[in-house]
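Here is the structure we will look at, set down as structure tokens.
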Amino acid sequence: MKALVLSEYKNLQLQDLPVPKPAADELLIRIKACGICGSDVHGFDGSTGRRIPPIVMGHEASGVVEAVGQDVSNFRVGDRVTFDSTVYCGDCFYCRRGQINLCDHREVIGVSTPLFRRMGAFAEYVTVPARIVYALPDKMPFAHAALIEAASVAVHGASLTPVEPGDTAVVIGAGMIGLLTLQAIREAGANRVFVVDLDETRLKMARDLGATETLNSKTQNVIAEVQKRTEGRGADVALECVGITDAIGLAVESVRKGGAVTLVGNVAPKIELPLQSVVSRQIRLQGSCASCGEYPEVIAMMADERIRVEPLVSAIAPLEDGASWFQRLYNHEPGLLKVVLQP
Ligand SMILES: [Zn+2]
Ligand SMILES: [Zn+2]
């Protein structure tokens, strides 16, 4: 089969690999679409240490069941499917509590660390455990289904946020996850959603996707504007989708006393925190990791367009062109959100 292999850092090659065989609890999936994730682009140069070559990356995928392991009874050849990026063990302290995203033995499809290596979906075929696979509606295009993983991250972040109907939410960052989080927090009950970014094109997209107001942190005083628009109080909740000091500071300062900040962005290993503001205003900080069983809910939300992903797809390209698309994303070419590769 054709596979896009990270043979060494910054070097992606189209190679011919043997088609993997599904184990008893696995499915062999013929990949129809696989999105390039920011974490793939960061992993591509070795900076995260989570794509140790040789590795086939790709964990945001959809496709068709090609073969079924002998112990799997709930899927058939020909089923249209997607799968979670997290492979959980099902047996540890956290899995038994239903917190599969916190599994002690968590592995991720298309990721390699010193502890594990899981071949991913920038290939014609991949094998994954059937317990992480979900059926797709007939009409959902494969390229859209490749964004279910990212949408689940957003819906999980919103689910951890104590938002009440009628609340005002601030979303910091209008990248891929921010634009999905905006939609997720609105669906969770926020009736005003402010989105903050430095890029006007992304802010326009945020308005198209339902942001009630947008603020440009390059040209506007975000905290003053949020307060002005909330009777001087601040927003009820904020969701931070960038992951650096300045953005987290904006999230903290934009919520009211007793408000909550959900931290989804995960870039800087350490940040500076306005501690006194958090403690004296009794702000709740909540980390959010990946997703935890939200796939069926997200598939339903995308099927009836409560969450729209189509505007987030910048390009759909053949797998053969994968290396050049990686390079363009790596070079931060402006205007690119999700690039989906098709084997
Ligand atoms: Zn991802
Ligand atoms: Zn586990």
Side-chain angles (χ1 to χ4, degrees), residues 4 6 12 25 31 33-45 47-51 55-63 82-113 115-116 118-123 126 128-132 134 142-157 173 175-181 184 241-243 263-267 287-295 298-299 302 307 309 312-314 322 325-326 329-330 336-341:
L4 191 64
L6 185 70
L12 281 165
D25 67 340
I31 297 300
C34 184
I36 302 180
C37 177
S39 68
D40 294 326
V41 179
H42 292 307
F44 165 75
D45 68 359
S47 53
T48 64
R50 288 180 58 82
R51 301 292 190 282
I55 179 77
V56 176
M57 301 190 279
H59 56 268
E60 303 180 349
S62 60
T82 185
F83 49 84
D84 200 337
S85 54
T86 294
V87 182
Y88 59 94
C89 76
D91 203 35
C92 70
F93 175 84
Y94 296 100
C95 284
R96 279 185 267 122
R97 293 158 61 99
Q99 294 176 304
I100 55 174
N101 57 330
L102 305 181
C103 172
D104 278 333
H105 310 288
R106 178 173 192 247
E107 297 186 357
V108 182
I109 304 288
V111 168
S112 50
T113 73
L115 297 176
F116 71 88
R118 282 261 177 195
M119 288 301 171
F122 292 132
V126 71
V128 297
R131 65 179 178 281
I132 67 166
Y134 297 87
F142 287 112
H144 295 183
L147 279 82
I148 292 170
E149 197 256 356
S152 300
V153 170
V155 170
H156 184 62
M176 188 67 204
I177 296 293
L179 292 168
L180 290 164
T181 297
C241 303
V242 182
L263 302 171
V264 183
N266 186 13
V267 171
S288 178
C289 173
S291 66
C292 183
E294 283 90 355
Y295 270 57
V298 169
I299 291 168
M302 281 173 48
I307 289 188
V309 300
L312 308 178
V313 178
S314 309
W325 281 104
F326 258 85
L329 289 162
Y330 188 72
L336 285 183
L337 282 168
K338 184 60 70 189
V339 174
V340 175
L341 300 180

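Keep in mind that the numbers below use all heavy atoms, side chains included, and drop hydrogens, waters and symmetry copies. Numbering of ligands and ligand atoms starts at 1, following listing order. Sequential numbering from 1 along the given sequence is applied to the chain's residues.
Taking every heavy atom of both residues into account, Glu149 and Ser85 meet most closely at OE2-OG, 2.7 Å. Taking every heavy atom of both residues into account, Cys92 and His105 meet most closely at CB-CD2, 4.1 Å. Nearest heavy-atom pair, Trp325 versus Leu341, reported as atom, atom and distance to 0.1 Å: CD1-CD2, 4.4 Å.
Protein N/O/S atoms found under 2.8 Å from the Zn ion (ligand 2): Cys89 SG, Cys92 SG, Cys95 SG, Cys103 SG.
In this structure, Leu12 CG and Leu6 CG are separated by 5.0 Å, a value rounded to the nearest 0.5 Å.
Environment of OH in Tyr134: crowded, with over 12 heavy atoms of neighbouring residues, nucleotides or ligands closer than 6.0 Å.
Taking the six-membered ring for Trp and thresholds of 30 and 60 degrees, Tyr330 and Phe44 have ring planes more than 60 degrees apart, a perpendicular arrangement.
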